[in-house]
2 protein chains.
Amino acid sequence: MTLKPTKTVVAPANGTSGTRAEPPSSNRAARAAERRQAIIEAALEEFIARGFAATRLDDIAKRAGVAKGTIYLHFKDKESMFEELVRLVIVPVVERLTKLPPPAGSVRDLVEVFASTFLREVASTRRGDLVRLIVAEGPRFPAVADFYYREVVQRGIAGMRALIELGIARGEIREKGLAKFPQILVAPVLISVIWQSLFERHAPLDAQAMLRVHLDLIFGERRTT
Amino acid sequence: MTLKPTKTVVAPANGTSGTRAEPPSSNRAARAAERRQAIIEAALEEFIARGFAATRLDDIAKRAGVAKGTIYLHFKDKESMFEELVRLVIVPVVERLTKLPPPAGSVRDLVEVFASTFLREVASTRRGDLVRLIVAEGPRFPAVADFYYREVVQRGIAGMRALIELGIARGEIREKGLAKFPQILVAPVLISVIWQSLFERHAPLDAQAMLRVHLDLIFGERRTT
DNA sequence: TGACTATGACTGACCGGTCAGTCATGAATT
DNA sequence: AATTCATGACTGACCGGTCAGTCATAGTCA
C-alpha cells in the first residue's frame with residue numbers, strides 16, 4: 001500500500017447539487033449505479049472492438065475506472081456479462097422503435113420514417129457495431145441469438161409484414177410476394193450497417209439515399225402528386 | 001501412417017524402382033501438400049465454429065491429424081494463418097464466379113443465374129459461414145477486410161453496376177437510381193447467408209424464392225410473354 | 001452534534017489453468 | 001550418412017476469477 005490512488009476525483013459531477021462541487025455522487029447506491037453504468041459502457045466498447053474472446057476484463061475495468069473485482073460485484077462472469085449487456089442495450093432501442101409509428105399517412109411514408117429512424121438510431125451509432133457483434137458471436141451464444149431473434153427479428157418481421165400487407169391492400173405495393181419476405185424490406189438497411197463497420201474507410205455509403213432508391217423500387221417511383 | 005518402405009518414385013530414369021505406390025501418397029512433396037490441405041480445411045472449420053481468438057491450434061492439429069509443430073512448417077503463426085486461409089478459400093470462388101457469365105439472354109436471366117450460382121456455391125456451404133466470419137473478424141484484421149473489399153466487394157459491385165446499366169439501357173430496369181447502389185441488388189443474398197447461419201433453426205429461409213421476389217421488384221413482375 | 005461502530009463496496013495481488021509458439025528428438029528420405 | 005520432415009513435450013506469458021483486507025459511509029448513541 002504505497003500510494004493512494006486519486007479515486008474520488010474521477011467522476012464527472014452529476015451537476016445536481018449546485019452548492020457543493022462533489023465529484024463523486026454522495027449517495028452510495030447512486031455511486032454503485034454509476035459504476036455499473038460505466039462498466040456496461042466500457043464493456044460494450046471493448047467487446048465491439050475486440051470480440052468476446054479477445055476482450056480482457058482488465059481492460060474493461062481500466063476503461064471503466066474500476067478495479068477488476070468490482071465487475072464481479074455486478075456480473076456473475078464474463079459470459080453472462082456479455083449476454084446481459086446485449087439485453088441492456090437492445091431493450092431500450094426496441095421500446096423506442098415499438099412505440100414509434102403514428103398510424104397516419106401513406107405506407108411508404110410510414111416505412112420511410114421507420115427505417116430512417118432506425119438508420120439514425122442504430123446504423124450510425126455504436127449500436128450498429130452491436131449488430132455486427134451479434135452476427136459475429138451469435139453462433140457461439142445461442143442465448144444471445146435466441147434473444148435477438150425473439151425481441152428484434154421476429155417482432156421486426158411481423159411489423160414489416162403488417163405494413164406490407166397494408167400497402168398491398170391499399171394498392172401502394174404491387175409485388176404481392178413481398179409479404180412472404182419482409183426481409184427484403186430491411187435488407188438494405190442491414191447491409192448499410194455492416195458496410196459501414198467494414199468498408200466505411202474504403203467507400204462510405206449514403207445509407208439514406210440507398211434506402212430511398214430501395215423504397216422507390218418497392219413503391220414505384222416517388223409519386224408525390 | 002503405415003508407410004511401406006518404398007522408394008521415391010521421383011526417379012528420373014525409367015522405372016527402375018517399382019511403379020507402385022499411390023494409395024498413401026508416396027512422394028514427399030505430395031504428402032506435404034496433402035497435410036497442408038488438411039490443415040487448411042481443419043482450420044477453416046475451427047475458425048468458423050469458434051472465431052479467431054477462441055480457436056486453439058491444438059484443436060486444428062488434432063482435426064487435421066497432424067502434430068501442432070507441423071502447422072508451423074506451413075504457416076508463420078496463427079494470425080497469418082488466418083489471413084492466408086481467407087485468401088485461399090476466396091480466390092477460387094471469385095475465379096469461378098468471374099468467368100461465369102455467358103453474355104446472352106436478358107439481363108434478368110443473367111442476374112438470376114449469377115445470384116443462383118452464388119447462393120448454391122456460397123450461401124449453402126461452409127463458404128457462407130466464411131462470409132459471416134469475415135464480417136465478424138474484419139474489423140480486427142484490416143488485412144482481411146482490405147483483401148475482401150478489393151477482391152470480392154469492389155469487383156462484385158462493379159460487375160453488378162455494369163449489369164444494372166445494361167438493364168437500364170435495354171429498358172429492363174426502370175429504376176435509374178439503382179446504378180448508384182448495386183448493393184441493393186445483392187442485399188437479399190447477403191441477408192440470406194447471415195440469416196441461415198444465425199436463425200436457420202428458428203425459421204429457415206427459402207433464399208431462392210426470396211431472390212426471385214426481389215428480382216421481380218427490380219425487373220417488374222415476370223414478363224414471360 | 002460529535003464520537004464511535006458496523007457495513008459492505010471496492011480494491012488489486014494472487015492463483016491456477018490455458019494456449020501460442022519452440023525445439024530436442026527421432027523417423028523417413030535421399 | 002546426411003538431410004529433411006514431423007512430432008509432441010515443454011515453456012512462459014497471459015488472463016479469468018478469487019478473496020483477504022481497506023476505508024468511506026450509514027447508523028447508533030450520548
| message | Under a 4.0 Å threshold between the charged nitrogen and the carboxylate oxygen, would Arg56(B) count as salt-bridged to Glu46(B)? | response | no
| query | Does the pair Lys99(A)/Glu95(A) count as a salt bridge with the N-to-O cut at 4.0 Å? | reply | no
Nearest whole Å is fine: how far is [N] [atom2] from [X] [atom1]?
{"X": "Phe47(A)", "N": "dC15(D)", "atom1": "CZ", "atom2": "C1'", "answer": "13 Å"}
{"X": "Asp77(B)", "N": "dC19(C)", "atom1": "CG", "atom2": "C1'", "answer": "14 Å"}
{"X": "Glu46(A)", "N": "dG16(D)", "atom1": "CD", "atom2": "C1'", "answer": "15 Å"}
{"X": "Met81(A)", "N": "dG17(D)", "atom1": "CE", "atom2": "C1'", "answer": "13 Å"}
{"X": "Arg36(A)", "N": "dC10(C)", "atom1": "CZ", "atom2": "P", "answer": "12 Å"}
{"X": "Ile71(B)", "N": "dA20(C)", "atom1": "CD1", "atom2": "P", "answer": "9 Å"}
{"X": "Asp59(B)", "N": "dT18(C)", "atom1": "CG", "atom2": "P", "answer": "12 Å"}
{"X": "Glu79(B)", "N": "dA20(C)", "atom1": "CD", "atom2": "C1'", "answer": "12 Å"}

Considering only side-chain heavy atoms of [X], which listed nucleotide, [options], is closest?
{"X": "Arg35(A)", "options": "dC10(C), dT18(D), dC5(D)", "value": "dC10(C)"}
{"X": "Leu73(A)", "options": "dT11(C), dG17(D), dT7(D)", "value": "dT11(C)"}
{"X": "Tyr72(A)", "options": "dG12(C), dG21(C), dT18(D)", "value": "dT18(D)"}
{"X": "Ala67(A)", "options": "dG17(D), dT11(C), dG21(C)", "value": "dT11(C)"}
{"X": "His74(A)", "options": "dC10(C), dG16(D), dT7(D)", "value": "dC10(C)"}

Presence of [X] side-chain N/O under 4.0 Å of [N] phosphate oxygens OP1/OP2:
{"X": "Arg50(B)", "N": "dC19(C)", "answer": "no"}
{"X": "Arg56(A)", "N": "dC14(D)", "answer": "no"}
{"X": "Arg31(A)", "N": "dA9(C)", "answer": "no"}

| query | Under the 6.0 Å and 45° cation-pi test, does Arg36(A) pair with Phe75(A)? | reply | yes
| field | Side chain to side chain, Phe141(B) and Val86(B), heavy atoms closer than 4.5 Å | value | no
| message | Side chains of Ile184(A) and Met160(A), heavy atoms from C-beta outward: is any pair under 4.5 Å? | response | no
| request: Select from Thr70(A) and Thr70(B) the residue whose nearest nucleotide in DNA chain D is closer to the 5' end of that strand. | output: Thr70(B)
| remark: Per nearest nucleotide of DNA chain D, the residue lying toward the 5' end, Ala32(B) or Asp58(B), is Ala32(B)
| task | Tell whether Lys68(A) reaches the base of dG16(D) with its side chain through a donor-acceptor pair below 3.5 angstrom. | result | yes
| query | Which part of the nucleic acid, if any, lies within contact of Leu57(A), taking any heavy atom under 4.0 Å across all strands shown: a base, the sugar-phosphate backbone alone, or nothing? | reply | sugar-phosphate
